[in-house]
Structure formats: structure tokens, C-alpha cells
Amino acid sequence: MPDFGPLSFKVPEPPVRPGDEPDFSDFEVPKAGTVRRPEVDADADDMKDLATTMIRVLNRDGEAVGPWAIDMDREVLLHGLRSMLRTRAFDERMMTLQRQGKTSFYMKCTGEEAIAIGQQLALSQGDMNFPTYRQQGLLLCQDYPVVDMICQILSNARDPLRGRQLPIMYSSKKHGFFTISGNLGTQYIHAVGWAMASAIKGDTKIAAAWIGDGSTAESDFHAALVNASVYKPPVVLNIVNNQWAISSFQGLAGGDSATFAERAHGYGIPSLRVDGNDFMAVHAVSKWAIERARRNLGPTLIEWVTYRVAPHSTSDDPSKYRPREESEAWPLGDPVLRLKNHLIGLGLWSEERHLQAEAEFDEEIRVATKEAESYGVMGGGSSARDIFEDVYKDMPPHLRAQRQKMGV
Amino acid sequence: MPDFGPLSFKVPEPPVRPGDEPDFSDFEVPKAGTVRRPEVDADADDMKDLATTMIRVLNRDGEAVGPWAIDMDREVLLHGLRSMLRTRAFDERMMTLQRQGKTSFYMKCTGEEAIAIGQQLALSQGDMNFPTYRQQGLLLCQDYPVVDMICQILSNARDPLRGRQLPIMYSSKKHGFFTISGNLGTQYIHAVGWAMASAIKGDTKIAAAWIGDGSTAESDFHAALVNASVYKPPVVLNIVNNQWAISSFQGLAGGDSATFAERAHGYGIPSLRVDGNDFMAVHAVSKWAIERARRNLGPTLIEWVTYRVAPHSTSDDPSKYRPREESEAWPLGDPVLRLKNHLIGLGLWSEERHLQAEAEFDEEIRVATKEAESYGVMGGGSSARDIFEDVYKDMPPHLRAQRQKMGV
Amino acid sequence: MVQMTMIEAVRSAMDVMLERDDNVVVFGEDVGYFGGVFRCTAGLQKKYGTSRVFDSPINESGIVGAGIGMAVYGLRPCVEVQFADYIYPAYDQLVSEAARMRYRSAGDFTAPITIRSPCGGGIFGGQTHSQSPEAIFTHVSGLKTIVPSTPYDAKGLLISAIEDDDPVVFLEPKRLYNGPFDGHHDKPARNWTSHPLGEVPEGHYNVPIGEAAIRRTGADVSIITYGTMCFVAEAAVAETGIDAEIIDLRTLLPLDIETISQSVSKTGRCLVLHEATLTSGFGAEIVAQIQERCFYALEAPIERVTGWDTPYPHAQEWDYFPGPARVGRALRSLMEVI
Amino acid sequence: MVQMTMIEAVRSAMDVMLERDDNVVVFGEDVGYFGGVFRCTAGLQKKYGTSRVFDSPINESGIVGAGIGMAVYGLRPCVEVQFADYIYPAYDQLVSEAARMRYRSAGDFTAPITIRSPCGGGIFGGQTHSQSPEAIFTHVSGLKTIVPSTPYDAKGLLISAIEDDDPVVFLEPKRLYNGPFDGHHDKPARNWTSHPLGEVPEGHYNVPIGEAAIRRTGADVSIITYGTMCFVAEAAVAETGIDAEIIDLRTLLPLDIETISQSVSKTGRCLVLHEATLTSGFGAEIVAQIQERCFYALEAPIERVTGWDTPYPHAQEWDYFPGPARVGRALRSLMEVI
Ligand SMILES: Cc1ncc(C[n+]2csc(CCOP(=O)(O)OP(=O)(O)O)c2C)c(N)n1
Ligand SMILES: Cc1ncc(C[n+]2csc(CCOP(=O)(O)OP(=O)(O)O)c2C)c(N)n1
Ligand SMILES: [Mg+2]
Ligand SMILES: [Mg+2]
């Protein structure tokens, strides 16, 4: 059809690259408190508008405003802020460990702390998260022993995973934290299956699935959404849109063509797009979605809009592909600062308590790290015998023979 | 959370099962001519309504009405009707062949003829279809030798695919017909990749992807839509929603939660839902989507609403899972009858010509079948030597050795 | 004991387990209302309800992935992949998730899931209804792989698989569903209902995972095989009159190498036989282990008879399929080596 | 000739081919602007533009599937899967589509695509950055599988792969990217830039697919290996003083069995060595073919030294990795057999 001339090929590009000024001019941020709150049992069809706006509760003055500004227990608020600080202290210390050559690898969640913590505090005992590698907050706001986390990172003699997993790939059934896979997206359909099982058994427990913006492109995301659409199991489908997937910006997962929240519409699944740096919004929306699940009203998808302030991992240098100052220019601010200001406004918190808490967690993690290091670093203390166990429940003859051959 | 009581599990069920009265009371059919026709370069966002309605052109009186009733070449109209009749004659004769034990397998497209044919007549030389097993119409409305088709079905000495493929899994690059895979969904992403290549090369050719309602659940459907969303290549993404996937009704692919056309919304891809039994609508909408592609405006997804009148394949007995009379009750009627009435109304056709055409195609296919049978049936005439060729371009030594061992 | 086809035996295994254990669920494409394209689950939904036996969307990764999620919850899913040719989209879930979950979580999470799938050729099914992909599972540490060849074994092994605490790939040779096919496609087929190996207990019993069966004792050569090829081997032995020992592996991983090496040590000659393509087929592993264990007993090179290294053709099925003639030739030439 | 690391050699191959052939395109996760997590495509987007070298969504089936579609159109895509551990989601596209397209269409459609992926362990990468899945490709008729071990071979073979009219899986041992790693992880690593095998022509040249290389001639035992293990073998030979012949397969499928059997016929002893897990690893196929061809020459059972049959552990990497000590022990015990 020469009438229309030759075709051309276009690959989406982020608005800026290293050397450019950060530019979020196309990024729309609705005023806090302006987005409506549907009834928990509303129809998916009647809330499609919520996938293209952004639910926000905390305004610039640190006030919680609008229909999503629900009454919150002060203990939850304080625990939320403290857990975010604790997570940040943890991340910083682990980075140091990596630089010291005591672990080979680490991944921070800086700037994204509100999301995992805000949701975990809305979940109940027995519910199950299917996390990615950037939800350490799920554990750090619970009573999971921080020394165990560090021992996992150090792959030492007390590593609960016996040295078998890459650092930070935690697992704790007791804490509703499914064993992290290095393979992107695979856990999303597990969450849906787990929730189906809970419904099949007439249980009351629900699942929370976690995935990154980039990983929504993986096929198991679709498998999960199709199954969620068909069986309507009790699952909260979280997408953490931190704008980046290693060096790829969210447009390479289709984010320039529609919001990630909109993905749900084609499956008839209700979805909400939320300011992920707003602890109050995270908690309120999580509660709403969790109640939907608990009331057998089915899955909800939530896109948490945030920014990956940290490098992808300790192996990554983001200044190679995005302006160094981009995280500073990020319009949604710092989740810790925003909740801090809110709590100070409520009279529940102060600058002094903040400094005190920072110091306290710094010290807690320092001490824990010291203890953990005493059990070994960089794989030291791990046992070669552990190679052959847990491949199967009972060790089959060929593995026994191999263990023997190895002489352990 | 005992507050909400135990969860429960629900599996979607079709409204009726064998023994019940067919029931399409929940199936909404807008009046022909009532759905708007956006500009070809309209934004995906501005036509979301078109995914939940149904574009129809032919009304009950056989008139072409509304904004999608485009001017059509009378040759195209006549060729369309004749190709549908030819396809039907072909399907019937091949069923007979299977019952006679001359081929092991066949799949009809009865009731769905308008879709493949209506679209093929809007495509141009050099465009490429990536079909499923139910688009024989793509070939039967072109000059592809019908004897070759039958030889493929008989896997005989003149089978262009040398006996290697299951009957009906045709391939003809020359006719823009990609080699059919037995694996569902895999070809959808091929179409997207092919279209990307056309754009990369600054070509003018476009691709047409084909998939069934059930197969949209496959992961490669998502891979295709993500890539289509990101690179916006010139591809028409067809979904043939014939309500059934072997014994599974469309609700098991999520069709009860949203239309299949709506799937596109989460990817920012424009989509239309169309009466697939309305040749005029098929052709007009295909033209529109093809022009979008040709003008480098990117992909369009089209859900063709139709009904699988035939059994899934010759191995299937649909009366086991749906009422026998359901196809009779199908509200969108028979595509052949509907176009026939329209052409009679236009004075281009008559009952006599119809009977004549039926007889003519019956005879054409009968003769072709006879010729094809003379080259062998049920694999007769295929050569064992062909086992080893075309595995690679050049036969590697180990295959030579195996061929030698076999003694051919 | 009643006479059952392999389809009935497989169905009976699921029936028994659905009855005994509330945590057993069965799902897959077309397995619910319709009862499966091979009817393996016919009647089970009616008996146990749609929460226990149900249809799934057409997404094999989703079937296995959701099954894994359910297994993590505490259920024992027994899922069907409609044909083994369609199992590849689920390969990542099997390799990266099911097989490694116990290991990577140090036992914190496990995935006791059974994946049933009809495998093998002989039904004129062409490239997408004929494949034997077992080798790609046997390379995966953490999976168990089973290929039964009789109704009795099929039921007993499927029960063991569902009860097993590790993920099991359970491949059912579809050409054996109705009767013991010996490769003579041109002769009338025998049905299990008139065959001694079709005698199956109605209730619960186990055939242990990891134990081979000696289908025929013999002194001159060992035939190591599994699935449909067990009967092809029998036919070839009958036709050649060679006194072969036929070993039906039943479980491929973990492999019963003891039984194999005892036999080969005795006979000194060995034929490895499978339908799957030759290169990197499971036969390679069998050969590698035998030559290591029985090196000094071997009087001739171990021979492999398998499908050719090509995709599974359609019309040339019987030229492709390693039938009794090819097996017989190989047996004879093995015996000629002195 | 210039000195190149294997990363540079691989990059140079793509550079040469992008330059020579307009139909070559390169894409994958992070390969465009950033140049790949191992920098294998660094600078190529800048040089050839975003239509020739670009980032893809994170969907491996989509990468291979779109690549196949492009190949069908007439391009020659060279795509990257970021780690071989992430190739499983693309397995169906490789097996069911790329490998079979020529066959099922009788040559009407073909898929000349190259899939590059870093494989192997030794970088403390744990279960998802260390795997060696080559065996699952060698079982697939229609695919070719290549594992280079030097910068020279990597470039020459990658050029051949891109020029090849059939689909090629090209696995790059990531532990060799910077230098010839011999398994002595505790000793300082050598870099290719100071190594004779790091000498690479700047322009176009081919290393033919399907030909093994003899890395060391020797009289007493043959070591059949590929990838990183070539250097481990060298180290073990140096340390034991055993006069071994080391054969680097380079191409696994089609296999250069002639070179192998000539060597084993000469030495009478054979060690097969790879990183991948033992059971159904590619070593099994090598053993099976050798025992068939060299039966009467063999003085001892062929031995396999490989990764253990477990998922790839993290902290115990050096207990898992088949290093020079294990290889040396196996060599000694092989030589002890009389
Ligand atoms: C199947 C698979 N493909 C590729 C990778 C490599 N990889 C690890 S993280 C990552 C980016 C993921 O980005 P996103 O989902 O946005 O999560 P984020 O890191 O931003 O939290 C990639 C490509 C992988 N781990 N698994
Ligand atoms: C990967 C894969 N899974 C399962 C099948 C078996 N199968 C063949 S056709 C079919 C139903 C497809 O239904 P749909 O997509 O609606 O197409 P239709 O037959 O209605 O045209 C199934 C499940 C297959 N061919 N490939
Ligand atoms: Mg991200
Ligand atoms: Mg259908």
C-alpha cells in the first residue's frame, strides 16, 4: 500500500537520560483527598476511573484528607513509621556489609518502604505474601528475627536457608512470607493458586501477590490475572511501579500506553492506582482491598506509584542510564518524611523522637549485624552437607552416592 | 477474620448444559447500525466504548446500515459470499473424507466463515496471516489450489507439507498464511514480531494475528499484547470468540468478567467488538484496522463474536457438554444466509444463483477430492525419506547416519 | 480385583485419593464437566463437586503455577496437561519453582503437586500429540518422573505420586490407554479388559516410586525400557526367540539402577529402548550409568533404539515409531557380537 | 588481531554482523541504551540506532517469539536472554516453534534466530544466575547448541550462528567473560587481555558450527568437555601430570563425534566433564555415543565429572562446582584402572 508510505519503528524512551535535567512534567499528581472511595462491594465496572488517577491521603502540609483518610490506630501509625526507619537502617547497614565484602549482593528498597509495610500492617496472621526481592519491609515490620535476616544475607552457619539462596531471598512461612524466587513473575500465579486453595477449603485467609512494573510483562502475570478473573479468589494483586526495571523505564513494560492499574480492566478485576509514597493511602487502600478479599468479593489489583531511589542492586550503577538527580526530583517525595510530618502534626511524634528512633534502629541493626557476623560471612560457616539435603523429602540413592563421593 | 465468615470457591458455568433449553437471554445484541465509527487515527482512549458494544452492519432485513456500512466493491461482495459457500462445501466434503477413513482428522469452521474471508479480502498481497486451525477461509478465498489443501489433509504423495503435519495444518508463505502450529497462542507473538520487522525495514506490509477465545488465556497472548503496546507495530490482533474452547465455554477464559476486546485496554491498544457473523461488518472493521496499521498508527485488537456451530474437531462430540440445539438458537444467525439476503436485496444475487453456486462448489470440491485421492489417502504415498529432511537446512551427519540405519 | 483400562485405572486412582483426602483437588483443561479429552476424569466432578474437580483456563503455566500455589497452601493438586506436547509452557514453573522450592527454602515451603499428561505416539497425532519429553524432566533435580505401562502400575503409582511430598511428573503413554499396544499397528488391538495386566484392585494401594519391574526374565540380553515400548519389546522377543530380560523402569527419576545393573551383569548385553528422540534422550543416561557399573560384564556395546532425531512426523508415523521390527533387528545384531 | 575479552569478542561479532547485514537486529532486556548487564551490547545502539539494537519488555517467551516472527519476515535476530536461568519461559517457543518450523512447513517458513545467553556458575550467583541448561536444547531436533570457551571461538561461532539458517542457542560461560577461569577461585584471575586465546581478528571470520577443537593433545586419557570446564581440565592435567587429550566440543549439537572417537580410540580412557547436573546432562549423550563407537578400545568405564544432582547452591558454590581437585581425582582413578 504505497499510498501510506513506508512504516517506521519506534522504541519508547524515557523523557531524560544522564546529562539531562530530570523531567516529571508529564507526570500528573492529583491533589491529596480528591479521589473518591467506592463501597467495598462496588462493581469493578463502576470504578474504572480509579485506575487512571492516583489515590492520595497526605497533603503537602502533612494532613490526612479526603475519603481515604480513615481512622487509624495510633499504634499502627507509630509502628509504620518506626518500621520504615528500621528498614532504612537495615538497608544502609547491609550496603555497608556488601562494600566490606562480607556479602556478595544486596538490594535496597529505599523510597518504597511505605508500600510493603503499609500493607503488611493491614494483613492478618495466617495470610500469605508472595513477595519479590524488594519487600523486605514485610519482614521488618514483623517480629521476624533481624539476626536471621542478616545470617541469610551472609550465608553463614545460622542462615535459615542453609546457604542455598542468594542474599535477601528470604523465606518464612510463619511470617506469611513465601520463599522468594529469583525468577520474575512466577510467584504471582502462586498467590492466586494459594488464594484459590483458601477459598476451596472455606478458610478465612487471603493472599497478597507482589510484582514490579517491569515484571508485569512476564507471562505468569497474565496467567495470574486470567485465573483471578475466572475464579475470583481472595487475593490482593500488588504492582509496585517504581518506574524502573534495572535500566529499563516503565514504558518498556507498556506503561506509556496505559497505567499498570488499567491492565486489570480487561480481566474485569477492580483496580486502584495509589500514591505509594503515602503511608496513609497505602494502608487505607490495602485495608479496602483486603476487606474485599475477605468478604469473598474477589481479587483487587493495586498499582503503587513510587520511585526506585536505590540502584537496582549492588551490581548496578543507575547513573549509567538515568540522571543522578532524578530521585530528588521525584514528585511524590519521601515516604518516611511524609509520614513523619503527619505524625508530628498529630502530636504523636517529634523531631527528637525521630532522631532517637533513627539512632535506636541504627544501633539495633549494628548489634544484630555484629552477632550475625560472628556466625560467619560470605558463605563462611555454611556446610557442604547441605548441598544434598532438601532436594527431595527423602534423599534418593543417587544423591546419597554423590554425597558419599564428595566425602561429606 | 472470622467477622466475614468462611470463603467459598466458585467456578464459572455456562448458562445451560445438555438437556437444558438454549439460553442467550443475557447476550446483548445492539441494533445494526447503531455503533459509531471513530476516525481511523482516533486515540485508543477515545474508543473504549467500542469494546463493550457490538458493531453490526446488516440488519434483519438484510440492509447495510449505519456508519460502518461502507461502500463495497460488488466483486468483493460476490467473492465473499462465494468463498463462504466454497468453504462450507469444502468443510462438508472433508468431514465425509474423515468418516470414510481417508483422513484421521478434520476441523470445520461452520458459522465462522465471514471472519477469515471478510478480513482476507481487505488485506493486500504480501501481508501475512498468523492463523489458527479454524481460518481455512483465508486460503479458500484466495487462489491457493484446493487440491493441495486436500492433499495435505490426506497426507499423500502430493502433500505440500510432505506428510509431516496433522491434517489442516496448512502453510503457504505465498498466500500470506503462516504455518499453523498445534500449540495454542504461540503464533500471536510471531505476528507481532513479523510486524515489528516490517516496520524496522520501512516496508509497507502488515501482519494479521489470529487466536481463539479460549487461547487468549495462553501466556503468549500477553507477550504479544505487551510487545504490541510497547512498539506499536502494524498488526491486526484478531480474537475469534466462538463461545467455546473444546468443552470449555468462554467464561473459563475470563469472558464472563469482561469482553475479550476489553483485554486491549490495559495495554493502551484500541479495540473493537464486532458481529463476526456479519460479513459487511467484518470487512469494514478489518479495513479500518488495516488502514490504521498501514498508516503506522499501530495495532488494533478486534473481538469477532461468533459461534462454533461445528464440533471442536472430528474427535469431539459437543452434545456431551452443550445443548444440541444451541447453535440454532444463536442470536447472530448464519453469516452465509445474512450476506446472501443482503446481496439479493441489492439485486446482485438470487436464490437460483445461490443454489447454482452451492452445486458448483460442491462439484469443484468433489472433483478436486477425487484428484487428491488419486495421490493417496491416510498417509499413503508419503515417503519415509521425508522424515529426515528439513530438520535442518543441511542434514547433519547424525541424521544421515540415522537415515542410513533406517535404510531409506 | 476388576478389569480396568489404563484410563479407568488412572481415574480410579484420582477417585480413591479424592475420597480419602480432602486436600486432593483435580483440575486442568476440559477435565471438569466434560471429564477430559481422554475421559480420565469422567464423573469425578459430579461425584466431588466443582470445588474439587474443575476446568481451568487454557494456560499450562497457570495450571502448574496455580497448582503450586495450592500445594504451598497445603492441598495436593493433581493437575492435567492435556498433551505432554503442551507441557513446555509450564516448564519454567516446574524447573524454577516446583523442583526447587523445598531446597531454596530449606524445607520451609514444599510443592507436593502431581502433573499428569498423556505422552507418546502411535495415535496418528502428528507433532503436537505424540511427543515423549520425559528426558527434560529427568535432568531437573527435585522432580520425580514416572511413566507407567499397565493399568495396575498406573493406578498404584498415581496414588503414590499424589501422596508423595515432592512434585511428580506423571506421563501416561496414551497408546496404552485402551490396551497393551505392541507396535503392530496393522493388527487388531487388544483391550486391557481381556488382559491379565488389566486386573486392578478397586481400592487404595501403592506401587512404590523408584522401583523397576522385571516384565520378563531372560538370560541373553537385557532390554531396558518403559511405557509403550515394554510391549514392543515383548513382541520383538517373541518374534526373534531371543531370551531377553525386559525391565520396565516405571520410575525414571529416581532410577532403579540396582535392578538394571543386576540384569545387565547377568546377561552381558543391553538394549535401551524408548520412543523419544535419541540425542540426549533418557536412554543416554541409562547407557551412561550401565557402562559405569557393568563395564566388565558387557560383551557388546549397549545399543539404543529410539525415535529418530526429528520432530514427530504425521504420515510416516510407523517409520518413525521404533516398532518390533527395528527392535528385533537390534536384538539380533546385539546377539551377533562375540 | 587484537586482544579481546569474551565480552568484547561477542560484542564484536554482533558489531560485524550489524555492519554487514541490514537484516541483523539485536534486542533483549537491558541490551539497548544500557548495553546489557554484562555489557555485551555496549555501544551498539548508539552505533546502529534504536531500530537495530533495542530494549525489550521482560518476557523471555516474547523475546524469542518476537524474534521468530522477525526471522520469518526475513531478518536475522540475535536476541539475548539475560541469564540462561531465565530461558525456561522461552522453552516452548524454542521447541515447538523455532525448532520445528522448517520441518512442519517443509521449508516454506524458517526461523534463523540466534539466542545468546550467559550460562554457568562460578560468580556466586546462586540458583538463578548459575545454571547450565544445555542438555534440554540438545534433546530438541532442529536446534543447534553452541558453548564457546575462548574469545576467538566466541566471535567466530557467534558470527556463524547469526549467519546460520537454523535456530541456534548460543550459551556463553559467564565465568569466562573476563578471563580463562580454571576453577581455582582462590587464586588471582587471569584476564583475556594477557592470554594468547584472547587474540581475536577485528573483522569477519567464521568458526564452523559442528567442529570440536583439541585444546591439548595427549596419549593417556581423553577429556571431553566444553565451556569453563576446558580450563578446569587444563589445570587438573597440569596438577596431576597426566598426559590427557582435552577436547573442547564448542558445538554440542551437531556433535563432532568423529574427533571424540578418534581421541578415545587412541587413549582408551575417557573423562566427560561439565558443570551441569549429572543425570540426563549432555555428558550422558557423549558417554552413550563413545561406548557405542569405541567399545573395544575402552580400557576403563567412561567417567563423568559434573555438577551434583541438586539445584545450584549459593554459599557452597565451590563444593558444588566440579573444580580441578575433583577432576584430578577422577583422572587419577581412571588411570589406575588396569
Ligand atoms: C525470568 C527473569 N527474567 C529476567 C530477570 C533479570 N532481572 C532481575 S530484576 C529485573 C528487573 C525487574 O524490574 P521490576 O519488575 O520493575 O522490579 P524492581 O527491580 O523495579 O523492583 C530483571 C530484568 C529475572 N530475574 N528473571
Ligand atoms: C498449548 C496448548 N494447550 C492445549 C491445547 C489443546 N487444545 C487444542 S484446541 C483447544 C481449544 C482452543 O479453543 P479456542 O482458542 O477458543 O479456539 P476454537 O477451537 O474455539 O477455534 C485446546 C485446549 C493445544 N493445542 N495447545
Ligand atoms: Mg520496577
Ligand atoms: Mg473458541
Side-chain angles (χ1 to χ4, degrees), chain B residues 128 130 159-166 169-174 177-183 185-203 205 207 209 219-220 222-224 226-227 229-231 233 235 386-387 389-394 396-399 401, chain D residues 22-23 25 27 50-52 54-75 77 89-90 92-93 95-97 99-113 141-144 164-167 209-210 251 253-258 289:
Chain B
M128 185 63 71
F130 291 80
D159 171 4
L161 307 186
R162 306 171 79 168
R164 298 206 190 103
Q165 262 282 41
L166 203 64
M169 303 282 173
Y170 319 106
S171 170
S172 178
K173 192 174 202 164
K174 198 173 144 207
F177 192 97
F178 180 68
T179 161
I180 301 175
S181 174
N183 302 74
T186 45
Q187 75 287 354
Y188 225 57
I189 175 71
H190 299 163
V192 170
W194 195 98
M196 286 167 69
S198 183
I200 287 170
K201 297 299 284 183
D203 198 347
K205 302 190 197 103
S219 289
D220 281 338
H222 178 62
V226 169
N227 279 278
S229 169
V230 169
Y231 304 112
V235 60
D386 281 339
I387 293 182
E389 264 148 45
D390 293 330
V391 182
Y392 299 93
K393 189 177 178 209
D394 303 308
H398 69 285
L399 279 179
Chain D
D22 265 0
N23 288 323
V25 292
F27 63 98
T50 51
S51 291
R52 306 279 308 284
F54 52 91
D55 288 324
S56 77
I58 304 175
N59 182 309
E60 290 76 14
S61 182
I63 292 170
V64 174
I68 291 171
M70 292 181 198
V72 164
Y73 175 91
L75 303 188
D92 186 46
Q93 281 288 346
V95 175
S96 306
E97 297 297 330
R100 289 206 218 117
M101 192 175 296
R102 180 189 296 279
Y103 194 76
R104 75 173 195 238
S105 73
D108 194 25
F109 289 95
T110 59
I113 180 178
S141 312
L143 296 183
K144 298 182 178 177
D164 199 275
D165 287 326
D166 288 307
I209 294 174
T251 301
L253 190 74
L255 181 67
D256 184 357
I257 188 66
E258 287 307 327
Q289 292 198 30

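Proteins come first, then strands; the chains are lettered A, B, ... in the order of their sequence lines, and each starts at number 1.
Annotation: side chain of D:F27 is not in contact with side chain of B:M196 (no heavy-atom distance under 4.5 Å). Under the 4.5 Å side-chain criterion, counting only non-hydrogen atoms from C-beta, D:M101 is in contact with B:T179. A 4.5 Å side-chain heavy-atom check between B:F177 and D:D108 finds every atom pair outside the cut-off.
The shortest non-hydrogen separation linking D:A106 to B:R162 is CB-CD, 3.8 Å. Closest of all the heavy-atom pairs between D:P57 and B:N227 is CD-OD1, 3.6 Å. For D:S105 against B:S171, the heavy-atom pair with the smallest separation is CB-OG, 3.5 Å.
Contacts between D:V64 and chain B at a heavy-atom distance below 4.5 Å are absent for every atom of the residue. There is no contact between B:P233 and chain D, counting heavy-atom distances below 4.5 Å. Using a 4.5 Å cut-off between heavy atoms, D:D164 does not touch chain B at all. Within the 4.5 angstrom heavy-atom criterion, no atom of D:I63 approaches chain B. Looking at B:Y231, only its side chain comes within 4.5 Å of chain D, counting heavy atoms on both sides. Heavy-atom distances place the backbone of B:D386, and not its side chain, under 4.5 Å from chain D. There is no contact between B:L399 and chain D, counting heavy-atom distances below 4.5 Å.
Contact count against chain B (heavy-atom pairs under 4.5 Å) is highest for D:V72 among D:V72, D:I257, D:L255. Heavy-atom pairs under 4.5 Å with chain D were tallied for B:K201, B:K393, B:M128; the largest tally goes to B:K393. When D:G67, D:S51, D:P89, D:A66 are compared by the number of non-hydrogen pairs under 4.5 Å with chain B, D:A66 comes out ahead.
One finds the CD1 atom of B:I200 at 9.0 Å from the CZ atom of D:R52 (value rounded to the nearest 0.5 Å). Rounding to the nearest 0.5 angstrom, the gap separating the OG1 atom in D:T110 from the NZ atom in B:K173 is 5.5 Å. Note that OG of B:S198 and CG of D:L75 are 9.5 Å apart. Values are rounded to the nearest 0.5 Å. Residue B:E389 holds its CD atom at 9.5 Å from OH of D:Y103, rounded to the nearest 0.5 Å. D:R102 contributes atom CZ, which lies 11.0 Å from atom OH of B:Y392 (distance to the nearest 0.5 angstrom). Interatomic distance, D:R100 CZ to B:D390 CG, rounded to the nearest 0.5 Å: 14.5 Å.
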Validation: residues 185-192 of chain B side-chain donor-acceptor distances under 3.5 Å, sequence neighbours left out:
from: B:T186; atom 1: OG1; to: B:N183; atom 2: O; distance (Å): 3.1
from: B:T186; atom 1: OG1; to: D:E97; atom 2: OE2; distance (Å): 2.7
from: B:Q187; atom 1: OE1; to: B:G185; atom 2: N; distance (Å): 3.4
from: B:Q187; atom 1: NE2; to: B:W210; atom 2: O; distance (Å): 2.8
from: B:Y188; atom 1: OH; to: B:N238; atom 2: N; distance (Å): 3.4
from: B:Y188; atom 1: OH; to: B:N238; atom 2: O; distance (Å): 3.0
from: B:H190; atom 1: NE2; to: B:T186; atom 2: O; distance (Å): 3.4
from: B:H190; atom 1: NE2; to: D:Q93; atom 2: OE1; distance (Å): 2.8

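Annotation: side-chain hydrogen bond (donor to acceptor under 3.5 Å, both in side chains) contacts involving residues 54-65 of chain D, sequence neighbours excluded, comprise A:S219-D:N59, B:D220-D:S61.
Although no hydrogens or angles enter the test, the distance criterion places no donor-acceptor pair under 3.5 Å between the side chain of B:R164 and the main chain of D:R104.
Side chains of B:D203 and D:Y73: a donor-acceptor N/O pair is present below 3.5 angstrom, by distance only.
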